[in-house]
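To start, the structure itself, in C-alpha cells.
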Amino acid sequence: MNTKIFDEARKKGTMRSFFNPDEFVLTKIQSEDKNCNQCGLFKFAKSPKMEITGKGKKNILIIAEAPGKTEDEKNKQLTGSAGEFFRSKLNPLGIDLDEDCWKTNAVRCRPFTETAQSEKNRAPTKKELQLCRNHYLKFIEKEKPKFIWLMGKSAIESFYSGRFSDDSGTDLTPTRWRGLCIPDPTVNAWVIPMFHPSYAMRNEYDDLTISQYERDIRFAIQCLKKPLPTFFNPYDKVECLTSFNHARSVLQDIIHNPPEIFSFDYETTGLKPFNKGHKIVSVSYCDSKDVAYSFPLQHISFNKDQWQILCNLWNQILVNDAKKVAQNLKFEDVWSQQILNTKPYNWHWCTMNASHILDNRASFSGLKFQSFIRWGIEDYDKEMRSFIRSKNGSEFNMIEEAPLDKLLLYNGIDALLTLKLYHEQRKEMSENQLKVMTLFNQGLDALADIQMNGICASKEFYQQTNNELEQKIINLFKELHSSDEAKLFKKEMGRDINFTSDHDMRILLFDILKLKSEKTTDSGIKSVDAEVLNTINIPLTKKLVAANKLDKVKGTYIGQFLREIDQTGKMRPFFDLHKADTGRSSSSSPNWQNVPVRDEDAKKYTRSGIFPSKGNIILGFDYKALEVSICACISQDPELIKYCADPTKDMHRDQATELFVLKKDNVSDSLRFYAKNGFVFPEIYNSYYKSCARNLWEIMHKENLKTKDGIDTIDHLIDVGVCGDRIDYQGFEDHVKKVETKFWRRFNKVKQWQDRMIAFYMKYGYIELVTGFRCQGYMSRNKIANSPIQGPAFHCLLYSLIHCHNKLLDLGAKSKIIGQIHDNLVFDCDPSEKEDLKEMATKIATVQIREDWDWIIVPLMVSWEGTLQDSSWFTQIKGV
DNA sequence: TTAAACTGCAA
DNA sequence: TATTGCAGTTTAA
C-alpha cells in the first residue's frame, strides 16, 4: 500500500508519518487469502467476497456494515429494506446510489447466527472488521474516491479502529462522528461518517431521529462541492529552543515586539500545582501561523539561575497587553499563578471551551480530536503519552523523563494548533455564540481564581471519620455474613456471598429467598438498589442499606477529600464549563456539586470537615426557584409570570392544594416539597401524570406523609373521595390526570413554547438558548424542553459569580468566592464584610443582571445561608 | 487493562 | 413518558 497517494499525503504531513512512516495501520496489508481463511465467513455465504459495485460517477465510496440476507442472496450491496430506505432518501436529492457511488460493506461476507428456526443477521465482530479492511483500501488506492461515507458503527470502527492511541478517538460511535466532514491524508479524501440507514429505519416513526438523519444526508451531499482536501505539516513549524541563549533572545524579542494575540501552552509535572515539587517543565508560544516556539522552563537541561532568568522574562510576556489564547485556559492560568506567581493578563479565548460552544457533543473539545476532524492531524502526541501517565499512581507524571526534543516538539505543536484552532473558531461563531463565549471566558478566568482560593478542609477530621466508618462498616458486614441468609447462599452456591455484588444480591433475594423484585434496571434485569431493598424490608436488607450508605460516604466522599486536600490544607475542585450538554458547569477532583445534604448522617460525615478560613464564615446564596423563573421568561406564559412576579404567591403550595385536595393553610412542608419535586418540575420537563402519580403514591405510603393537621395524606384522600381505600391507586391516578389537565390549561403558553422549540429543532437541527449557547446532536423531546431552562439558569449564576468575583477584587476585600453549585454561590467571608458582601452580591444577582439581560422579565430573588465563625459547612443555616 | 452497567449523590 | 453532572464497585470482554 506504499503507493504514491499515501506517500504524498505523508510528505504533506501527518504526525504519525513523522514518527514512524511504517506504522500506518491502514497500510498494513497482509495477503488476502490469509485474512479470508482466518475469518472464514466466506465459507458460509451465498455470495462470498462480494465485489464492490456501482459506477462511482460522483466519486463517493459508501461503506456500510455487512451483507444481510437479501444482499447475500442478490449478491449486491444495499438491496435489502435498509438499502431501499436509503435510496428513498437519496433519490429526491439527485443522487443515484448505483450510478453515482461505489458501494461496499466493512465486511464483505454475510455474518449470521443460526437459530433453530432461521439464520439471523448479526453485526460483524472486531476481528472480522479488521481482517476485511484490505478490500476497500485496495479499491481506494486504485479508484481514488474523493468522498468516503461511513455508514454506521461497524464502518466507522473498521475505518478508524487502531488509529488513535488515546481517548480522543476511542469512542467510535456514529453519534460522536456524524455531521463531520473529515480530511484524511491516509486516503486523500473527505470522510463523512453517518448513521446506518437501518438505524434510521428502526426509528422511522421518531420524527426527531428522521429529521436529523435527513439533515446528515443533505450535509454529505453539500460536501460534494468541496475540492480535494489539502494538508499541512505542523512539524515544520515548531522551533525548539534547546539552548538557553536562544530561548532568552527569543523571549526578549517578544517583550520588545509584543504581538496583538498569542497562544501558549505548558507541559507540567501534574494536573494541579499546589503540592511541593511541581514544575512547569516547558512552555510553548505561538503568535503566527508559520512558527511556534517551545523552550524548557524548569527543566533539568538548564540550571536554576537560568530557570529564574527565563521565568522572569516569561512573566513579563504573561502580563503584556496581548490577547492570550489557550486550550483550557484555567490550567495555564492556575499554573502561572501558583508556580510563577503571575496571573496572565487579558485572557481572550479558551479553544477548549469554544469547541464546546460550537458543538456541545460529549468528548468533542480535546485539541487532538479537533486537530483530527479539522485537519486530519493524527495522534501526534503518541510518543509523549507514556510520559504523561502517572508515576507509581501518584499525582506526579513522568514528563521529566521524556527526551527534551520530543517534549518540546509536542509542546510546540500544541501552541501552534491552538492558535490555528482559535482563528477558525472565531470565524465559525455566530454573534450569539460569541456572546456566550465572552461570558464563558470571563467565567473561566474567575473559576481559575476560585480554584486558587480553594476550600479549607481538615485532613485530620476526615482521617478520623474514615477510621470510625471503617469500623462501623466492618461490623455491619460481619453481621451480614453471619446471617442465616448468608449461610443459605453458601449452601446453595458453594461459596461466600459478596454483599457488595449486585449479581450475588440478585441470586440471594430473587433466586434463593424467592422475594419479589420491585423494579428493573435500564437493561431490564431486576434491580437491587436501596429502594428495592427498603421495600423488601427484612433485617438483612435494612442492615445492607445502612452498610451501603456508610460505604458510599467513606468511599466516594471521604476518599476523594483525603486524596484532594493538599499540603496547604485546602481542596481545590475543578469547575469546568466544557462538559455539560446544556452549557451548565461541572465539577471534579473532588466533585463539589454532590456533597450530601438531605441525609442528615451523610451530611454530617461529609460536611463537618469543610471550614471557612480562620476567623471567617462560610456564606452563600441560592437563587429562589430559578428554573421556574427562567421558564416564565422564555415561554412568556402570563400565568407563570404572575407567580414569579408576586413574591406572596407560591405555585408549589398552590399545586399541593390541588394534588392533595387541601386548603392552603393545611399544606405541610413535605407535601409542598413533593408537589414541587414530584409534580411541577417533572411536568415542566415533560414527564406525565402516570409517572408522577406512581411516584407520589409510593412516597405517600413509604414516608407516611401528613397534612399540617397531622392527618395521614392517604386517609385524607379517602375522606374526600379521591381513593376508595389505601390500595386504590387507580383513583389517585385518575385524580392526578385531572390535575395535570388543569395545570396545562392554566400554563398553556409553556406547552406552546415547548412545541415551538421542537419545531425549530426539527427544521434546523439545533436549538439556541436565550444566552446564545447552542444545543445540537440528537435530542429527545424532553431534552429540548429542559435544556433551554437548565442552561440559562446556570448562566445567571455564572453572571453573578463573575461580577461578584471582580467586585471583591476591585474592593481588595478579604472575602472570596470558593465554590458554586448550579444556582448557588459560596463565599469564604470575613465577618466584618458580611453585610456589605450580602448587599453587593444580592444587587448583582437580582438587579444588575436584569439591566444587562433584558430577557429576564420577572424579578429574581436570592436567599442567604451561612455558618457561624470558624464553624464547619455542616452547621450552615438559612436566613443569616 | 478497559469499558459498560449499576448505584447513589447534588442541582 | 423529567434533565444535567461525577465517582465508586463489579463484571465482562
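Because only heavy atoms are used, hydrogens play no part in the values below, and waters and symmetry mates are left out as well, while side chains stay in.
Salt bridge status for A/Lys742 with A/Glu658: present, with a side-chain N to carboxylate O gap under 4.0 Å. Classification of A/Arg572 and A/Glu564 as a salt-bridged pair fails, no side-chain N sitting under 4.0 Å from a carboxylate O. Salt-bridge formation is detected for the pair A/Asp381/A/Lys368: a Lys NZ or Arg NE/NH1/NH2 atom is positioned less than 4.0 Å from an Asp or Glu carboxylate oxygen. Between A/Asp379 and A/Arg163, none of the side-chain N atoms (NZ, or NE/NH1/NH2) sits under 4.0 Å from a carboxylate O, so this pair counts as no salt bridge.
Atom P of nucleotide C/dA2 and atom NZ of A/Lys690 are separated by 12 Å, given to the nearest angstrom. Straight-line distance from the CH2 atom of A/Trp873 to the C1' atom of B/dA10: 10 Å, rounded to whole Å. Straight-line distance from the CD atom of A/Gln754 to the P atom of C/dT3: 13 Å, rounded to whole Å. Atom CZ of A/Phe743 and atom P of C/dA2 are 15 Å apart (whole Å). One interatomic measurement links the two molecules: CG of A/Leu544 to P of B/dT7, which rounds to 12 Å at whole-angstrom precision. Regarding A/Asn534, its CG atom lies at a distance of 14 Å from the C1' atom of B/dT7, rounded to whole Å. At whole-Å resolution of the value, NZ in A/Lys519 and P in B/dA5 are 17 Å apart. In this structure, CG of A/Asn548 is placed 10 Å from C1' of B/dG8, rounded to the nearest angstrom.
Under 4.0 angstrom from either OP1 or OP2 of B/dC6 there lies at least one side-chain N or O belonging to A/Thr521. Between A/Arg598 and B/dA10 there is a side-chain polar atom (N or O) within less than 4.0 angstrom of OP1 or OP2.
Counting only heavy atoms from C-beta outward, the side chains of A/Asn824 and A/Phe621 never approach each other to under 4.5 Å.
Looking at the side chain of A/Gln790, the nearest of the listed nucleotides C/dT3, B/dG8, C/dT1 is C/dT3. Listed nucleotides B/dT7, B/dC6, C/dA2 differ in distance to A/Ser527; the shortest reach to its side chain belongs to B/dT7.
Residue contacts for A/Ile684: at a heavy-atom cut-off of 4.0 Å it reaches no nucleic acid atom on any strand shown. Heavy atoms of A/Phe681 sit nowhere under 4.0 angstrom from any nucleic acid atom. Contacts of A/Ala785 with the nucleic acid, taken as non-hydrogen atoms under 4.0 Å apart, are absent.
Both the sub-6.0 Å distance and the 45° axial angle are satisfied by A/Arg774 relative to the ring of A/Tyr766.
Between A/Asn686 and A/Ser787, the residue whose closest nucleotide on DNA chain C is further toward the 5' end is A/Asn686.
Under the ring pair (Phe, Tyr, Trp, His ring centres under 6.0 Å) criterion, A/Phe489 pairs with no residue, sequence neighbours left out.
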| request: Spell out protein contact along nucleotides 5-13 of chain C as letters: B when the base is contacted, S when just the sugar-phosphate is, - when no protein heavy atom is under 4.0 Å; keep the 5' to 3' order. | output: BBSS-SS--
